[in-house]
Amino acid sequence: MTIIATWKMALNGTKLAREALIKGTPLEEALITLIKDVEMNEDFHSVGYSGLPNEDGVVECDAAIMNGDNLHFGAVAGLRSMKSAVSVAYTLIDNEYNNFLVGEGALKHAKEMGFKEEEMLTDEAKKRWLEERAKKPKVYKGHDTVCGLIAEEGRVVAATSTSGLFMKKVGRVGDSPLVGPGLYADSEVGAAAATGVGEDIIKGTLSYAIVSLMAGGLSPQDAATKAVMDLDAKLRAKGEEPRDFSVIAVNKDGAWGAATNIAEFPFIVSEENGETAMYIARDFGREIEKIK
Ligand code: GLY
């Protein structure tokens with residue numbers, strides 16, 4: 001079993017997912033446990049409850065989950081008033097149609113499925129929104145998506161959840177709910193997911209690019225490094241300054257990798273030997289340091 005997840009905020013959820021897998025919980029549900037632990041934590045301001053709001057002061061969340069066995073996926077975008085967007089996305093995963101719902105439609109569906117509407121904006125998030133609103137020009141920030149991947153016995157699943165960019169336009173959707181850029185899972189190969197500025201991640205269809213490179217024979221680490229370096233270089237070649245993006249990857253045998261175009265990207269790995277540890281990727285993933 002291998003679990004890999006983005007940012008330090010996923011440490012506790014990764015441990016919970018591991019315990020769930022050991023008890024025989026299905027992979028998708030164990031992964032939801034991981035993501036939900038981050039969504040519900042009011043100390044994390046880029047995911048779920050207490051996420052930083054859009055320009056109107058409303059928290060709008062994006063999330064998705066994908067099953068690598070059958071390529072089924074469920075996704076929501078611009079979802080308001082729901083603390084666990086990934087749980088709502090999961091209710092769509094085996095639909096033949098209507099796998100991706102946005103805005104009012106996503107909220108209507110969530111309520112029909114029995115999810116309760118809740119206030120998402122905490123006092124702390126509101127205070128930061130009021131301070132930011134007073135500043136000009138606007139600087140978009142706060143995009144640390146929680147992404148999780150699990151590989152076990154030749155199966156892989158992937159999931160993401162985010163409240164997106166702080167002060168984003170109402171209705172703006174990033175990469176996180178998009179199968180291809182934000183996440184991808186194929187149990188014949190492996191899975192990958194991305195965190196960072198969605199507008200750039202979408203340009204590189206980054207998660208699918210990593211899985212394709214793995215399908216072509218690269219290790220998860222080499223695939224992650226190559227995909228991030230290639231997208232960074234392509235954007236520069238076209239005269240753009242790449243924004244931040246970081247990725248995680250796992251193959252169907254449980255080997256993993258991570259890469260980034262920022263100075264340091266912390267991520268969590270729980271491995272077959274029972275150890276759950278934080279690592280830091282640097283230099284496009286060519287340097288990986290184990291922290292504890
Ligand atoms: N990666 C999250 C976003 O851009 O919304």
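Just so you know, ligand 1 is whichever comes first in the structure, and atom 1 is the first atom listed for that ligand.
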**Asked** Picking from Val47, Asn41, Ile268, what satisfies side chain to side chain contact (heavy atoms under 4.5 Å, CB included) with Met9?
**Response** Val47
**Message:** If we count only N and O atoms by modelled type, under 3.5 Å, do the side chains of Thr6 and Thr195 hold a donor and an acceptor together?
**Reply:** no
**Asked** Quick one: which ligand 1 atoms are inside 4.0 Å of a heavy atom on Gly196?
**Response** 1 (N), 2 (C), 3 (C), 4 (O)
**Request:** Would you please classify the geometry between the Phe267 ring and the Trp256 ring as parallel, tilted or perpendicular, with 30° and 60° separating the classes?
**Result:** perpendicular
**Message:** If the cut-off is 4.0 Å to any non-hydrogen atom of Asp175, which atoms of ligand 1 fall inside it?
**Reply:** 1 (N), 2 (C), 3 (C), 4 (O)
**Prompt:** Going by the order shown, which atoms of ligand 1 are within less than 4.0 Å of some heavy atom of Ser176?
**Reply:** 1 (N), 2 (C)
**Asked** What atoms in ligand 1 come closer than 4.0 Å to a heavy atom of Gly164?
**Response** 5 (O)
**Request:** Please confirm whether the backbone N or O of Gly190 pairs with a side-chain atom of Asn251, one donor and one acceptor, at under 3.5 Å?
**Result:** no
**Prompt:** Quick one: does Lys168 get a heavy atom under 4.0 Å from ligand 1?
**Reply:** no
**Prompt:** Would Thr195 count as a contact of ligand 1 if the rule is a heavy atom under 4.0 Å away?
**Reply:** no
**Asked** Do Ser187 and Asp69 have side-chain N/O donor and acceptor atoms under 3.5 Å apart?
**Response** yes
**Request:** Provide the number and element of each atom of ligand 1 under 4.0 Å from a heavy atom of Thr145.
**Result:** 1 (N), 2 (C)
**Asked** Any N/O of Asp62 closer than 3.5 Å to an N/O of ligand 1?
**Response** no
**Request:** Can you sort out which atoms of ligand 1 are near Gly174, meaning under 4.0 Å from one of its heavy atoms?
**Result:** 5 (O)
**Request:** Please list, chain by chain and in numerical order, all residues satisfying side-chain hydrogen bond (donor to acceptor under 3.5 Å, both in side chains) with Glu240, sequence neighbours excluded.
**Result:** Lys203
**Request:** Report the part of Arg172 in contact with ligand 1, treating N, CA, C, O as backbone and CB onward as side chain, heavy atoms under 4.0 Å; options are side chain, backbone, both, neither.
**Result:** side chain
**Asked** When you check the side-chain N and O atoms of Glu29 and Thr33, is any donor under 3.5 Å from an acceptor?
**Response** no
**Asked** In terms of side-chain heavy atoms, does Thr122 have a donor or acceptor partner in Glu42 at a distance below 3.5 Å?
**Response** no
**Request:** Return a yes/no value for Gly198: is any of its N or O atoms, backbone included, closer than 3.5 angstrom to an N or O of ligand 1?
**Result:** yes
